[in-house]
Number of protein chains: 2
Amino acid sequence: MSAIPRPVPPSAEPKAPQPAGTGLLFLREEEIRLAQDLLFFAYRDFTNAADVILEELELGRAHHRALHFIGRNPGITVSDLLVLLRITKQSLARVLSALIERGYVAQTPGSADRRQRLLALTASGAALERRLFERQRDCLAAAYREAGGPAVDGFRRVMRAIMNESARAYLDRAGTRATRSGGR
Amino acid sequence: MSAIPRPVPPSAEPKAPQPAGTGLLFLREEEIRLAQDLLFFAYRDFTNAADVILEELELGRAHHRALHFIGRNPGITVSDLLVLLRITKQSLARVLSALIERGYVAQTPGSADRRQRLLALTASGAALERRLFERQRDCLAAAYREAGGPAVDGFRRVMRAIMNESARAYLDRAGTRATRSGGR
DNA sequence: TAAATACGTCAACAACGCTGCCGGAAAACC
DNA sequence: GGTTTTCCGGCAGCGTTGTTGACGTATTTA
C-alpha cells in the first residue's frame, strides 16, 4: 500500500475530442480543477491540526467552530451565531449545551432585550480556544512564512472573493473590531 | 432576525492585559484569526455551490468528492482513493456502491493485479461530474477575475503551504498528468 | 391584549464518519 | 506448493453532526 497514490497512467484516451485550439481553455479548466484540490487538501489539513486536542477532550469540530466564533464575538446572541455557522437551532443547541455544561461557555441575559442569551467564553473556555488556536496558528504561520508576504495578500484576496456577500460583510465588520485597519 | 450578525459591541474589557509594545504580535494574531475565518467561509461557500445539484439527485458531498477524484484519476484503485480522501474503507464503500449502482462509476479488474478494481467515471458519471464542476468553476472563475492574476498565484502558494507533505506530493504528480507544466 | 420574536426542547431522521470482523481471490514469499 | 499478505467487499453496530417539525415560555412590540 503506497502512502501516496500514484498519478495514474497518463490516461490513454483523450476522453473528450477537444476542438483544435482549445489550449487556453484547457489550461483554464486545469487551473480550476487545481483550485478544487487546493481547497480540499488545505481545509482538510488545516482543520486537522486541532483534532488531537479535541479528541482528548471528547469534543468535535462543531464545538471548535462554536468556540472560535464565540471567542471572536463575545456577547454574540444565539440567533446571530446560527447565521454565522449556517446550521439549525437544533445542531447548535446540542453543541452549545455541551460547552456550557463543561464550563467553557457562559450565557448572560441581554441587558437591552432580556429574551436573549448573550454568549461568551469563560476563562477555561478562552484557555481551551487558545490551545486550539495555537495549533492552527503554527500551521498557518509556517505557511505564511513559506509563501511570503505578497502571496499572503493574494491568498486573502482570492479567499475573500470566493465567499458570498454576507460572509464578506461579516469580515469587514469583524475587521473593525480588534484592529483599526478598516477596509484593507 | 438580522441576516448578517452585528459585529458585537467593541468588547468593553481589554480581556488579557497585554504587556506594552505588543502591537506587532497582536496584529500577527489578528492576521491568523482572519485566516481561520477565510478558510471557513470560503470552503463553506465553495462546496455549497454544488449542493443544489447534489440535492436533486439525492447525493451528498461525499459522493461529489469521490466523483471528483475518480474523474481526475481515471483508473485509480480503491486503496489509493482511500488514501486521497482519508476516510475508511467502510465510509468509501457506502458512497462508492451508491455511485456504481446508479451507473456513475464503473470498475474494471486491474490488468497487472487482478485483485484490484480500477475505478473510472462512466459517460453519465462524467456528465454529472461536469455539471458539478461547472458550478464550482463559475464560483472560482469569478473570484479569480475579481482578485486578479498575481493574487491567484499567491493564493496557490499559501494553500499549498498549508497542506501537508503528502498532499503536496500528490499535487505535483497530478500536475504532470494533464498539463506539461511540471513544477509551476 | 394580541402578535411577533428569542430561545429551549423533544422526537425522529439522514449523511457520513468510525471500529471490528469475516471471507474470497489473487499475489507474494519461502 | 503451501503459507502469508494484500486488495477488496460485506455485515453489524455505533457516534457526531447535520436536518425538519412542533411545542412551550418568556419577553418585546404593535
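As the structure is a computational prediction, the values presented were derived from the model and not from experiment.
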Self-check item: Check ion pair Arg160(A)-Asp37(B) (N to O, under 4.0 angstrom)
Solution: no
Quiz prompt | Any side-chain heavy-atom pair of Leu128(B) and Leu121(B) under 4.5 Å | solution = no
Quiz prompt | Gln107(B) CD to dC8(D) P, straight-line distance once rounded to whole Å | solution = 10 Å
Quiz item: Rounded to the nearest Å, what distance is computed from the CZ atom of residue Arg117(B) to the C1' atom of nucleotide dA26(C)?
Solution: 10 Å
Quiz item: Do the charged groups of Arg137(B) and Glu31(A) touch, with an N to O distance under 4.0 Å?
Solution: no
Quiz item: Of Arg114(A) and Lys89(A), whose closest DNA chain D nucleotide lies nearer the 5' terminus?
Solution: Lys89(A)
Quiz item: Picking from dT20(D), dT27(D), dT6(D), which would you name as closest to the side chain of Arg115(B)?
Solution: dT6(D)
Quiz item: Where along residues 52-65 of chain B does a heavy atom come under 4.0 Å from DNA chain D, residue by residue in number order?
Solution: none
Quiz item: Ala112(B) near the nucleic acid: base, sugar-phosphate alone, or nothing, with a heavy-atom cut-off under 4.0 Å?
Solution: sugar-phosphate
Quiz item: Which whole-number value in Å describes the distance from Ile87(B) CD1 to dT17(D) C1'?
Solution: 16 Å
Exercise. Determine whether Leu81(B) and Ile100(B) fall in the same hydrophobic cluster, where Ile, Leu, Val, Met, Phe, Trp and Tyr are linked whenever their side-chain heavy atoms lie under 4.5 Å apart.
Key: yes
Practice problem: Take Arg65(A) and His68(A) through the side-chain contact (heavy atoms from CB on, under 4.5 Å) test and state the conclusion after the steps. | Solution: CA-CA 5 Å; Arg65(A) 286 192 289 273; His68(A) 169 77; 5.5 Å; no
Exercise. Calculate the interatomic distance between Ile76(A) atom CD1 and dC7(C) atom C1'; express it in whole Å.
Key: 15 Å
Exercise. Please work out whether the ring planes of Tyr43(A) and Tyr43(B) are parallel, tilted or perpendicular, with thresholds of 30° and 60°.
Key: parallel
Self-check item: Nearest-Å distance for atom pair CZ/C1', residues Arg86(A) and dG18(D)
Solution: 14 Å
Exercise. Specify the residues of residues 90-105 of chain A, ordered by number, for which at least one heavy atom lies under 4.0 angstrom from an atom of DNA chain D.
Key: Gln90(A), Ser91(A), Arg94(A)
Self-check item: Salt-bridge contact Arg135(A)-Asp51(A) (side-chain N to carboxylate O under 4.0 Å)
Solution: no
Self-check item: Separation of dC7(D) C1' from Asp80(B) CG (nearest whole Å)
Solution: 11 Å
Practice problem: Let me know which of Arg168(A), Met163(A), Glu165(A) forms a side chain to side chain contact (heavy atoms under 4.5 Å, CB included) with Asp45(B). | Solution: Met163(A)
Quiz item: Could you give the CG-to-C1' distance, from Asp51(B) to dA14(C), as a whole number of Å?
Solution: 15 Å
Quiz item: So, is Ser79(B) near the phosphate of dC8(D), with a side-chain N or O under 4.0 Å from OP1 or OP2?
Solution: yes
Practice problem: State plainly whether the residues Glu29(A) and Arg130(B) are in salt-bridge range, i.e. N to O under 4.0 Å. | Solution: yes
Self-check item: OP1 or OP2 of dG18(D) under 4.0 Å from side-chain N/O of Thr88(A)
Solution: no
Exercise. Mind calculating the distance between CG (Leu82(B)) and C1' (dG17(C)) to the nearest angstrom?
Key: 13 Å
